[in-house]
Amino acid sequence: MSVQQENRFQAIISHAKEYGFVFPSSEIYDGLSAVYDYGPNGSELKKNIRDYWWKSMTQMHENIVGIDAAIFMHPTIWKASGHVDNFSDPMIDNKDSKKRYRVDHLIEAHAEKLAMEGKKEEEYALLKTMDELLAKEDYAGLKQLIEDNKITCSVSETSNWTDIRQFNLMFSTQIGAVAGEAETIYLRPETAQGIFVNFLNVQKTARLKIPFGIAQVGKAFRNEIVARQFIFRMREFEQMEMQFFIRPGTQKEWYEFWKEERLKWHLSLGIPKEKYQYHPHTKLAHYADAALDIEYEFPIGFKEVEGIHSRTDFDLSSHQKYSGKKLTYFDNEINQHYVPYVIETSIGLDRMFLLILSHSYDEEIITKEDGSKDSRVVMHIPEKLAPIKLAVLPLVKKDGLPEIARSIIAGCKPYFKCFYEEKDAIGKRYRRQDAIGTPFCVTVDHQTKEDNTVTLRYRDSMEQERIHIDAIKDKLLLRLLF
RNA sequence: GCGGAAGUAGCUCAUCCGGUAGAGCAUCAGUUUCCCAAACUGAAGGCGGCGGGUUCAAGUCCCGUCUUCCGCUCCA
């Protein structure tokens with residue numbers, strides 16, 4: 001990351017705090033690592049992003065419906081999804097190189113080396129022992145196995161290892177009021193499973209025919225090893241997911257469809273195409289037969305903001321197996337029962353929020369009428385998403401101008417978020433609205449009293465036009481329309 | 001978790017060789033002001049991250065601890 005980019009990222013973080021977008025969690029207690037709170041402007045912006053996504057999914061697609069599943073779910077769900085087995089990895093550190101390894105990766109790498117040397121029996125024996133020890137969660141035994149095989153770190157080439165420690169992706173808690181009788185359950189690490197386990201409930205009650213989608217927005221929790229980079233990687237975060245259920249064999253075309261469709265959604269906000277790129281996965285997760293990330297060029301480089309995954313029938317089949325309940329769909333067109341395939345679109349709401357901040361934040365140098373230079377900090381937030389849509393400002397706080405301004409607010413606030421301010425000079429008030437991304441300001445002056453017209457000032461161009469008071473609401477609504 | 005850097009007002013930062021903490025911007029109240037951070041008056045805001053040590057005296061030196069940032073390790 002260049003110094004310039006780093007400074008820009010720092011400036012965005014400071015700005016986010018100063019103007020009530022994002023605060024560090026528990027700040028008066030020194031903060032809580034990788035957890036953040038959204039302030040007044042932040043919660044509005046976040047809600048607007050969420051609404052825009054929700055509408056684009058459930059309102060603009062006739063065959064997509066929404067649900068709101070609980071964060072708590074039956075613990076067996078995480079066995080079926082693979083999270084219990086795949087994401088609770090024992091880790092070990094080399095004391096000399098300070099490198100950290102997943103124990104299974106370390107041993108598997110050694111086994112591969114044995115195979116290359118033609119020692120097939122030793123390879124099998126090693127892997128078999130490892131699997132047994134992993135199943136028993138015998139960490140002392142695993143460490144012994146590493147030492148007995150003289151497995152070394154590829155960097156330091158020593159076998160000076162720490163003890164093995166467990167890394168758990170999922171947060172656990174207890175359900176049930178009586179200690180002892182309580183059962184361990186997990187805070188969901190993804191929202192998708194709430195959709196899968198409700199697949200038949202939703203399909204039947206909403207009378208949906210394949211292909212159809214189920215959308216959901218909600219919190220998820222992951223115990224990341226390294227959680228950092230502001231709100232980009234948090235331990236508690238919000239996902240906007242849509243699982244699209246399709247006939248087996250059609251996954252390739254639907255994967256392509258959603259890949260295009262989702263990028264269009266991003267571009268519909270007016271964010272430049274060249275800031276985006278697709279990043280196909282070469283190493284696929286245990287449930288996918290194709291996957292890619294939609295990456296955005298943040299100030300910290302190109303990073304994933306959204307994932308498109310072809311999840312096959314892995315999840316539904318797995319839940320069918322673990323629950324013993326049939327999760328098939330009868331397809332009238334081909335007269336067949338089958339377990340549907342799934343294409344997932346999954347976007348991080350917090351990452352999208354950071355994307356909007358990164359896209360919007362701008363320190364402009366402007367030339368004033370007298371030729372002198374001036375600067376302004378302006379957030380070019382897409383108009384639809386701005387926390388406040390309209391600021392109404394009496395030019396002076398007397399002569400009845402505030403009263404007119406108040407009446408404009410009264411007429412507009414049922415339709416979009418408005419803000420009234422009479423303090424300070426008009427230029428200062430404009431700049432304050434620029435700093436939080438308010439796209440429109442209306443100023444009431446003495447002429448207003450004569451002909452009921454006001455000045456409408458645009459955030460991005462700083463241009464002004466004179467319009468009639470009665471035209472304000474409709475003019476803005478037209479621009480703010482979905 | 002390891003290595004490096006840093007924690008002083010809401011933000012950005014000063015405070016020289018240890019001597020009871022300051023600026024700009026922002027905020028609040030008021031005066032003035034007819035369109036782009038105007039001016040003036042006043043106010044509020046700090047246990048110098050926290051704990052300990054050295055010293056007559058610590059924001060400043062030492063130790064610990066917490067937090068943040070950068071790099072590495074992991075990442076569905």
Side-chain angles (χ1 to χ4, degrees), chain A residues 1 3 6-7 9-11 13-20 23-34 39 81-83 86-87 89 91-102 105-106 153 155 162 165 167 169-170 189-190 192 220 222-230 233 239 281 283-288 291 293 300 304 307 309 311 314-315 344 346 364 366-370 374-378 393-399 401 422-435 441-449 454-459 462-464 466:
Chain A
M1 193 182 343
V3 174
E6 203 177 296
N7 288 346
F9 195 54
Q10 292 309 324
I13 295 169
S14 295
H15 190 84
K17 185 185 171 191
E18 188 162 4
Y19 288 92
F23 308 127
S25 163
S26 318
E27 201 186 9
I28 61 169
Y29 290 99
D30 280 340
L32 184 63
S33 190
S81 71
H83 284 83
N86 286 312
F87 302 110
D89 307 312
M91 318 283 283
I92 194 166
D93 294 354
N94 183 277
K95 288 179 187 169
D96 298 314
S97 66
K98 312 294 185 194
K99 290 264 178 192
R100 168 172 291 178
Y101 296 90
R102 265 173 63 169
H105 286 179
L106 186 67
C153 167
V155 175
T162 63
R165 281 165 297 185
F167 163 71
L169 171 105
M170 291 190 287
E190 62 174 21
R222 292 179 192 176
N223 226 335
E224 305 278 0
I225 298 174
V226 174
R228 224 188 279 163
Q229 287 168 324
F230 194 42
R233 178 161 292 162
Q239 288 185 313
H281 290 201
K283 204 180 118 197
L284 294 170
H286 61 272
Y287 53 71
D293 296 336
I300 49 177
E304 174 189 0
H309 293 247
R311 289 184 82 127
F314 174 86
D315 299 278
E344 168 189 272
S346 173
E364 282 182 356
I366 48 183
T367 308
K368 294 208 274 197
E369 281 173 15
D370 63 2
D374 196 6
S375 68
R376 69 163 183 161
V377 173
V378 52
L393 318 167
L395 195 56
V396 294
K397 55 182 167 192
K398 58 182 183 186
D399 304 333
L401 303 190
E422 60 184 28
K423 189 179 153 49
D424 290 319
I426 191 67
K428 200 166 198 168
R429 282 179 272 168
Y430 284 151
R431 297 299 172 88
R432 266 202 287 264
Q433 295 307 312
D434 290 341
C441 290
V442 154
T443 301
V444 176
D445 56 23
H446 282 87
Q447 193 187 327
T448 310
K449 291 201 287 188
V454 292
T455 309
L456 176 62
R457 181 259 194 191
Y458 296 92
R459 174 194 68 200
M462 296 172 70
E463 279 167 6
Q464 304 184 342
R466 197 91 202 163

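Sequence lines set the chain letters: A, B, ... in the order given, protein chains first and strands last, and positions in each chain run from 1. Since this is a predicted model, take the numbers as computed values, not measurements.
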ask   = Of A:Q464, A:Q447, A:R466, which meets side-chain hydrogen bond (donor to acceptor under 3.5 Å, both in side chains) against A:T455?
value = A:R466
inquiry  = Closest-nucleotide mapping onto RNA chain B: is A:Y458 or A:E18 further toward the 5' terminus? I mean the 5' end.
reply    = A:E18
request  = For nucleotides B:rC66 and B:rG52, find the distance between their C1' atoms and express it as a whole number of Å.
outcome  = 14 Å
inquiry  = If you go through the side-chain atoms of A:R376, does one of them form a donor-acceptor pair with the base of B:rC36 closer than 3.5 Å?
reply    = no
request  = Once you apply the 3.5 Å cut-off to both distances, tell me the Watson-Crick or G-U wobble partner of B:rG10, or none.
outcome  = B:rC25
key: Whole angstrom value for the distance that separates C1' of B:rG10 from CZ of A:R432   = 14 Å
remark   = By the Watson-Crick or G-U definition, both distances under 3.5 Å, B:rC47 is matched with none
query = For the pair made of NZ in A:K428 and P in B:rC40, what is the distance, rounded to whole Å?
reply = 11 Å
message = Counting only side-chain heavy atoms from C-beta out, which of B:rC28, B:rC11, B:rC35 sits nearest to A:Q464?
response = B:rC35
message = With a cut-off of less than 4.0 Å, is there a side-chain N or O of A:R429 near OP1 or OP2 of B:rC35?
response = no
query = Over how many whole Å does the gap from A:R431 atom CZ to B:rC35 atom P extend?
reply = 15 Å
ask   = Hey, does A:K449 have a side-chain heavy atom less than 4.5 Å from the side chain of A:D399?
value = yes
inquiry  = Of the options B:rC11, B:rU33, B:rA29, whose atoms approach the side-chain atoms of A:S14 most closely?
reply    = B:rC11
query = Per the atom types in the model, does the base of B:rC35 pair as donor or acceptor with the side chain of A:T455 at under 3.5 Å?
reply = yes
Nucleotide B:rA38, atom C1' - distance to OH of A:Y430 in whole Å = 15 Å
request  = Please determine if a side-chain N or O atom of A:K398 lies less than 4.0 Å away from the OP1 or OP2 oxygen of B:rU33.
outcome  = yes
task = Counting Watson-Crick and G-U wobble pairs only, both distances under 3.5 Å, name the nucleotide matched with B:rA58, or none.
result = none
query = Which sits closer to the 5' end of RNA chain B, A:E190 or A:I13, going by the nucleotide each is nearest to?
reply = A:I13
remark   = Scanning all shown strands, the Watson-Crick or wobble mate of B:rU33 with both distances under 3.5 Å is none
query = Touch check for A:H15, heavy atoms < 4.0 angstrom, all strands: base, sugar-phosphate only, or nothing?
reply = nothing
ask   = Can you find a side chain N or O atom of A:K17 that sits less than 4.0 Å from OP1 or OP2 on B:rC11?
value = yes
